There are 2 protein chains.
Amino acid sequence: MTAAFPAATQHDGADSPPARSRRQEPPVPPVMPRRRAGRPSKAVLDTEQITRAALKLIELQGYKGLTMSALARRLGVAPSALYNHVAAKADVLVLVEDHLMAGVDVSGFATQSWESAVRRWAWSYRDVFARHTPLIPVIAVLPVTNAPRTVTMYEAVTAGFVAEGWPQERIVDAIVALESFIFGSAYDVTAPEGIFDTGALATTAPLFSTAVGRRTASANGAGDEKGNRVLGPSDSAFSLGLDALISGLAGSWPRTRS
Amino acid sequence: MTAAFPAATQHDGADSPPARSRRQEPPVPPVMPRRRAGRPSKAVLDTEQITRAALKLIELQGYKGLTMSALARRLGVAPSALYNHVAAKADVLVLVEDHLMAGVDVSGFATQSWESAVRRWAWSYRDVFARHTPLIPVIAVLPVTNAPRTVTMYEAVTAGFVAEGWPQERIVDAIVALESFIFGSAYDVTAPEGIFDTGALATTAPLFSTAVGRRTASANGAGDEKGNRVLGPSDSAFSLGLDALISGLAGSWPRTRS
DNA sequence: ACAAGAAATGAACGAAATTCATTTAGGCAC
DNA sequence: GTGCCTAAATGAATTTCGTTCATTTCTTGT
């Protein structure tokens, strides 16, 4: 009946904690040494290891493969053991999210112009979460309180806005607006190729259909060779929108003319 | 079979039509009279009814309550019957999505200036999907081919862009950029009150923390009385970003000077 | 009239998250 | 030291969901 446990199944050759040798039969390497019940002398799990294992799983199998069972298996542990460290699967997602935030590039805010810094930050932010779209619903609603790296990221961004002279009351709104655009654009990266092909509905929507045709045509012709990344459709939309947002935001508050 | 309907075994396995309510389970329509197996003389289901029932369920219980069982129960049908009309639950979401698209206000594109029309469209688009954020991952990746109302919506928007004189190759990118911002902003609407409260991390992020404080302060003071809606934090961020995007996009292509 | 197929029922199945009782180990209080 | 409280593990069970399948019954096209 309930056969979802590592009883007969083994780990995916990632670990074998205490090398307890059997009588004389080392049947197969990947056989689980089977920890006996009860608290182990040395703690097997902590949130750090859980985070790492989750990231590895996501890398190998995508979010589809990120199940509590799979996570437990990878850590050489029973699924229920995870619940000593996280209250629910959502907590695992939060761990992953906060880990990822450290990978967002905020370096520009210390060194470059506001425009350049925002652009660099936004691209890297989008790139990170384009590979982790299932986290977006989580982030968007997640109180920042227990996400230290996320707060650190916001602090660096805010510093860049302050340095540019932005009025305090508008900074958070501006960041939120940029972030909203970034999250939405991250989804767009994952969209399939012909997402806008109208097919049988083409006659219903002549203007839109030709616009779609022109778009892909111009995109195909525009191979950017000089070291810049080659732009896909989602990249050119992101570029257009980001530049518009940046220039629009720059003009949204009364700067003293230099 | 016996002539009397065996009310002992219900087809649900999860809950029972009679008054025995376990958790909440608001008593759905009257208790259905039990249909015997086999094809009924008159078809009970079609995609139209499924869509309506799904929308009602979402309205009453949110997306959490939208399960195939609940949907079937509401339609007076066994869960498996749904699969004669949709291939999977995702199809139900697509039905709902396309239905909703008809509610997005594109009327401005026929009558107003491009700026006003985009603004009206964007606000209504965001408002619709702020109440349906679970659809966003679906929409963002969904080929438009079998979503007729979605195509109709795009056609109206495209017409507005064409009328304004936009270059064909950039129209789709501009729409995608706006849409990305809209989807991201829809999530933001659902964010809890103190999402940016840094709590114990406040000392780590002094600039960000004060910016957050100033934001809510200015938002609280700014009650808009004259018929306009009172702006919450997510509204003012949306407003700021949308205006920036619109003006930035307007300046992104070489219009002939009037 | 009859075969094909559409549209229901009802009974499973399998995956997944989560809970619970139980076992064991470490760290305090006394 | 002894004893208790709690943390961290196992193993089994529970619940909920989406989905499939065999079967029944009815409609429709030839």
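In what follows, every chain begins at residue 1, and chains take the letters A, B, ... in the order their sequences are listed. Only a predicted model underlies this, so the values are computations on that prediction, with no experimental measurement involved.
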Query - Toward the 5' end of DNA chain C, by each residue's nearest nucleotide, A:Ala87 or A:Lys64 - result: A:Lys64
Taking distance alone, no hydrogens or angles, what donor-acceptor pairs closer than 3.5 Å link side-chain atoms of residues 49-58 of chain B to residues at least two apart or in another chain?
| residue | atom | partner | partner atom | Å |
| --- | --- | --- | --- | --- |
| B:Thr51 | OG1 | B:Thr47 | O | 2.6 |
| B:Arg52 | NH1 | B:Glu48 | OE2 | 3.3 |

Query raised in the report: Looking only at N and O atoms, is any donor in the side chain of B:Asn84 or the base of C:dA6 less than 3.5 Å from an acceptor on the other one?
Result: no
**Report entry** Short side-chain N/O contact from A:Arg35 to OP1 or OP2 of D:dA9, under 4.0 Å
**Finding:** no
Report summary line: Judged by nearest nucleotide, the residue sitting upstream toward the 5' end of DNA chain D, B:Lys42 or B:Leu66, is B:Leu66
Query raised in the report: OH of B:Tyr63 versus P of D:dC17: gap in Å, rounded?
Result: 17 Å
Requested in this report: Quick one: which residue pairs count as a side chain to side chain donor-acceptor pair (under 3.5 Å) with a foot in residues 90-102 of chain B, not counting sequence neighbours?
Outcome: B:Glu97-B:Thr150, B:Asp98-B:Thr150
Query - Atom-to-atom span, CZ of A:Arg73 to P of D:dG11 - whole angstrom - result: 15 Å
Query - C:dA6 phosphate, OP1 or OP2, under 4.0 Å from B:His85 side-chain N/O - result: no
Query raised in the report: Looking at D:dT19, C:dA17, D:dG11, which one has an atom nearest to any side-chain atom of A:Ser80?
Result: D:dG11
Report summary line: Per atom distances to the B:Met68 side chain, the nearest of D:dT10, D:dG18, C:dT18 is D:dG18
Query raised in the report: Tell me: CG of B:Leu71 to P of D:dT16, nearest whole Å?
Result: 18 Å
Query - d(OH, B:Tyr83; C1', C:dA12) in whole Å - result: 14 Å
Query raised in the report: Under 3.5 Å, is there a donor-acceptor pair between the side chain of A:Glu155 and the main chain of B:Thr204?
Result: no
Query raised in the report: What integer distance in Å separates A:Leu82:CG from D:dA7:P?
Result: 18 Å
Report summary line: From CD of A:Gln61 across to P of C:dA15 the rounded distance in Å is 14 Å
Query raised in the report: For A:Lys89 and C:dA15, what is the distance between atoms NZ and C1' respectively, to the nearest whole Å?
Result: 11 Å
Query raised in the report: With respect to the side chain of B:Ala88, which nucleotide from D:dT19, C:dA17, D:dT10 is positioned closest?
Result: D:dT19
Query raised in the report: Do the rings of B:His132 and B:Phe129 sit parallel, tilted or perpendicular, given the 30° and 60° boundaries?
Result: perpendicular
Query raised in the report: Between B:Asp235 and B:Arg126, is the closest basic N to carboxylate O distance under 4.0 Å?
Result: yes
